[in-house]
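Note sheet for the following structure.
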Amino acid sequence: MMREPAGQDEYGSTNPFDPDDLPTLNAIGPSMGSGNDFEKYAVAVIIVFGALIIGGLMAASMVFGHRNGFLFALGGATSAWISGNALLLDRPRIYALFVGIAALMLVASTLTLVL
């Protein structure tokens, strides 16, 4: 059998790994040398706690009967959701704009509960 050039399989598609390097790759692990996956875990923590905070603000506003606080929290949640889509579409300015809007609305929701 004829050996394919490094980085190319029998179908002509490219592969970033040389087949002879697979034992070395498995011994090192996928995150060694190419950075770490701490960003994924950080994003997961931000999403979970952000959802808890926004959900908590919505629930507290409903319990105390503050319609404006609930609507501010709902607007903040919607703005945060839109910013996540902007981040996926690689639009950093739109992302920053909607994160700022979400932060302002959530501060306003908190103020309606406190004052």
Side-chain angles (χ1 to χ4, degrees):
M1 178 156 129
M2 212 169 128
R3 179 133 204 270
E4 297 295 327
Q8 189 175 20
D9 63 5
E10 64 268 12
Y11 301 109
S13 63
T14 59
N15 186 359
F17 303 111
D18 187 12
D20 296 332
D21 289 340
L22 286 178
T24 309
L25 178 68
N26 289 333
I28 293 174
S31 66
M32 294 296 290
S34 65
N36 53 33
D37 287 336
F38 291 127
E39 291 91 7
K40 291 179 185 176
Y41 297 117
V43 168
V45 167
I46 290 168
I47 290 171
V48 168
F49 284 105
L52 286 174
I53 290 169
I54 293 170
L57 280 172
M58 293 173 107
S61 296
M62 288 175 62
V63 167
F64 291 116
H66 294 282
R67 181 185 60 177
N68 292 338
F70 176 79
L71 292 175
F72 278 132
L74 182 64
T78 304
S79 179
W81 176 72
I82 292 171
S83 72
N85 290 317
L87 185 63
L88 286 176
L89 297 173
D90 197 26
R91 303 282 188 223
R93 289 185 179 148
I94 296 174
Y95 169 75
L97 173 73
F98 279 103
V99 166
I101 291 171
L104 290 174
M105 289 187 140
L106 294 173
V107 166
S109 175
T110 304
L111 289 176
T112 61
L113 285 173
V114 174
L115 300 177

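Computation of the quantities below employed the complete heavy-atom set of this structure, encompassing side-chain atoms and omitting hydrogens, waters and symmetry-equivalent molecules.
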To which residues is I94 joined in a hydrophobic cluster, defined by side-chain heavy-atom contacts under 4.5 Å among Ile, Leu, Val, Met, Phe, Trp and Tyr, whether direct or through other members? W81, I82, L97, F98, I101, M105

Calculate, to the nearest 0.5 Å, the distance between atoms [atom1] and [atom2] belonging to [X] and [Y] respectively.
| X | Y | atom1 | atom2 | result |
| --- | --- | --- | --- | --- |
| L71 | T78 | CG | OG1 | 10.5 Å |
| L57 | L52 | CG | CG | 11.0 Å |
| T110 | F72 | OG1 | CZ | 11.0 Å |
| L106 | I53 | CG | CD1 | 8.5 Å |

Does I54 belong to the same Ile/Leu/Val/Met/Phe/Trp/Tyr cluster as F64, with side-chain heavy atoms less than 4.5 Å apart forming each link? yes

Nearest atoms (heavy-atom pairs only) where [X] meets [Y]:
| X | Y | result |
| --- | --- | --- |
| S61 | G69 | OG-C, 3.3 Å |
| A102 | A80 | CB-N, 3.9 Å |
| H66 | L113 | CD2-CD2, 3.7 Å |

